[in-house]
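Naming: A, B, ... by sequence-line order, numbering from 1 per chain. Because only heavy atoms are used, hydrogens play no part in the values below, and waters and symmetry mates are left out as well, while side chains stay in.
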There are 2 protein chains.
Amino acid sequence: MSNSQITIKDIAKALNVSVSTVSRALNDSPDLSGATKQQVQEYARQHHYKPNLLALSMKKRESKTIGVIVPQIIHHFFSSVLEGMMDVAEKEGFNVLLFRSRDSFEKEQHSVQQLISSQVCGVLTSIAKETTHYEHFQELVDNNIPVVFFDRICVDIPSNRVVIDDYAGALAATEYLIKTGCHRIAFFCSPLNLEISKNRRGGYLDALSKHGIPVDKDLIKICDNYDEAIPVATEMLQSENRPDAFFAVNDETALGILHATKHLHFKIPEEVSICGFTDGFAAIASDPQLTTVGQSGQDVGRSAMELLVEKIRHKGDQPLIKNKIIKTKLIVRETTR
Amino acid sequence: MSNSQITIKDIAKALNVSVSTVSRALNDSPDLSGATKQQVQEYARQHHYKPNLLALSMKKRESKTIGVIVPQIIHHFFSSVLEGMMDVAEKEGFNVLLFRSRDSFEKEQHSVQQLISSQVCGVLTSIAKETTHYEHFQELVDNNIPVVFFDRICVDIPSNRVVIDDYAGALAATEYLIKTGCHRIAFFCSPLNLEISKNRRGGYLDALSKHGIPVDKDLIKICDNYDEAIPVATEMLQSENRPDAFFAVNDETALGILHATKHLHFKIPEEVSICGFTDGFAAIASDPQLTTVGQSGQDVGRSAMELLVEKIRHKGDQPLIKNKIIKTKLIVRETTR
DNA sequence: TTTGTCAGTGAAAACGTTTGCGCTGTACCT
DNA sequence: AGGTACAGCGCAAACGTTTTCACTGACAAA
């Protein structure tokens, strides 16, 4: 809010013309005399006139604003996604209203309400870990607001999606571990209500079965962060039938495992191989450097925003559902043979 | 934008009352009969009525929205700051409009314009590396929009500021290096138009002089990222009068130095000590783990948002300038003796 | 009965824009 | 001269709210 912002009315009064004339002058309308136009534009420039976006949005019934909900911001993947989104938002002339769910269902729900209230013309989101039902997202659809889910998608809502090729990434990573001689491969993943968990586990399991390795349920843990990974990995490594490789759902977890492994003085990668998922900065900074499945958050963000903008532009057209799959790339470094 | 959102008018028509009545009912006004109120509220609930924030903001002339401009999003410090800001924005009921300058003056300027146009009721920002003049920020002040600068502040504009205690942090780190026996301490920093650079350099220089160590200009480099740090550090380490310690303006740079040092097979910390600034996740993931000056981005973000909210609430009061200094903490790990 | 009070509601203006329509006056055509 | 055409501009409605003011009717006090 501002007390002193100059409006179209002020200009009209000062120049002794009507508001419509000012409006037309500023929009460079063809049915205005050059002189009047110039005069108005000049005055506006000098007085730093800026259109009131709220009024404009009201009038035009579209806000040129896109809502984004992420579970967390300090997080290599999500901040990369945001960065990518900003790239195209900027290019396409949209502003971004940011919300954060902290993986809480309630906050996610509230954010959606705010976004609808704010008249955003589209929403990009990755669902909270807690979320298991989706009425709030359905409301977006009911209100005719395009939604694109990214990464953690929602299969119940008809909408566009951008996902990492989790299955292929996990498959490739697991196969690589197998090919380099590992056969007791532990898998650390997030809760299974998330699609990404299901898909990565699918890749892991299929890689095992493809190579005739039986699944050992004791090797699969729900564990997806650095701190928890340390004790869990430590315990596994101390068991008599210890794993000879770990595949983790993200880099933090993998680095927790790495920490535990080094601490127990296992040789990496000779005795224990480790592979992460994401390829954040820490994967390079660690020693040994982490082998990981690279996923470009920026590509995800860019694609999601592009899809959304396209959907906004062609509203009312065919409501076809377009999905985009972002390829991963196995980045072999020093924690695997 | 949405075609189908239900408005107060729709409710009025459906219930055969006036819009004023509906408005009052929804705001729980005391001078309405209980029956009418209940009826309206019930109808609104059933039809998922949501107030149009744009209209509301227009009317009330305040948008309950805060603008944030950061140079970059994929960046441990800035994403931490954002996270902290969201904490208090959420608590205080403000929405956040996010912009990113990519350290470009032009983009920063454009973002400010958009924020003014968007009628935000306050702005939080950390200036772009390129920025050397500040008319655009002055415009915010002229429009009576409170601004709080954080981290990379702007001294020319009368406004609140939240800064890391860069000077003290750098002083403490340098002194620690000196006390542990280093006397040729290199310093890698960002361009000097940024206050943080000046202050950190100030701390570095004062620590040296305090301990009677002469300043060697060859030991001071403008270099603030991983990739550039590697060749620069390599060259320094190969010189005959090599440094025995490095102090870098951020962790990425420090880790670049670490990489170069390990590559040349210097013993860390016996032959070369390294200290960073930030304490991101990579500082723990690296091996040896990085000694660094911990700065809590979240605290910075929280404080900045708190200051801003306070300023918004007490608009028109004394325009006193409050600064907040966030303490740093030297976190000694394995890259120093 | 007359007056006053007050609970309950509606009408209308306002926030800053855009835009369809209509009004004026000049210039051109016949 | 009479008519047409159109350039140039203003009026007013509309977007969804809130809020001031005024109105109605019921009921109590006189």
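- Regarding A/Leu32, its CG atom lies at a distance of 14 Å from the C1' atom of C/dT18, rounded to whole Å.
- The side chain to side chain contact (heavy atoms under 4.5 Å, CB included) test with A/Met305 singles out one residue from A/Asp87, A/Val96, A/Val148, A/Val300, and that residue is A/Val96.
- As a whole-Å value, the separation of A/Met58 CE from D/dG16 P is 5 Å.
- In this structure, B/Ser33 and B/Ala55 both approach DNA chain C, and ranking their closest nucleotides by distance from the 5' end singles out B/Ser33.
- Distance B/Lys60 NZ to D/dG16 P: 18 Å, rounded to the nearest Å.
- Of the side-chain N and O atoms in B/Thr7, none sit less than 4.0 angstrom from OP1 or OP2 of D/dG16.
- Taking the six-membered ring for Trp and thresholds of 30 and 60 degrees, B/His136 and B/Tyr134 have nearly parallel ring planes, at less than 30 degrees apart.
- For A/Lys59 against C/dT18, a side-chain-to-base donor-acceptor contact under 3.5 Å is present.
- Distances shown here put every side-chain N or O of B/Ser57 at or beyond 4.0 Å from the OP1 or OP2 atom of C/dC15.
- Salt bridge status for B/Arg302 with B/Asp299: present, with a side-chain N to carboxylate O gap under 4.0 Å.
- Counting only distance, with no hydrogens or angles, the side chain of A/Glu130 and the backbone of A/Phe105 share a donor-acceptor pair below 3.5 Å.
- For D/dT18, neither phosphate oxygen OP1 nor OP2 lies less than 4.0 angstrom from any side-chain nitrogen or oxygen of B/Ser20.
- Counted within 6.0 Å of CD on A/Gln113, heavy atoms from surrounding residues, nucleotides or ligands total more than 12; the atom is thus considered enclosed.
- Between A/Lys9 and C/dC15 there is a side-chain polar atom (N or O) within less than 4.0 angstrom of OP1 or OP2.
- For the pair A/Leu54 CG and C/dT17 C1', the computed distance is 11 Å after rounding to whole Å.
- We find that CG of B/Leu15 is positioned 12 Å from P of C/dT9, with the value rounded to whole Å.
- With salt bridges taken as basic N to acidic carboxylate O contacts below 4.0 Å, none links A/Asp151 and A/Arg161.
- Classification of B/Arg152 and B/Glu195 as a salt-bridged pair fails, no side-chain N sitting under 4.0 Å from a carboxylate O.
- Atom CD of A/Glu62 and atom C1' of D/dG16 are 17 Å apart (whole Å).
- Between A/Lys13 atom NZ and D/dG10 atom P there is a gap of 15 Å when expressed in whole angstrom units.
- Rounded to a whole Å, the CD atom of A/Gln39 is 15 Å from the P atom of D/dG8.
- Of the residues in residues 21-31 of chain B, those with a non-hydrogen atom less than 4.0 angstrom from any atom of DNA chain D are B/Ser23, B/Arg24, B/Asn27.
- Using a cutoff of 4.0 Å between basic side-chain nitrogens and carboxylate oxygens, A/Arg313 and A/Glu310 are not scored as salt-bridged.
- Listed by residue number, the members of residues 41-53 of chain B with any heavy atom below 4.0 angstrom from DNA chain C form an empty set.
- For the pair B/Glu306 and B/Lys324, the salt-bridge criterion is not met [side-chain N within less than 4.0 Å of a carboxylate O].
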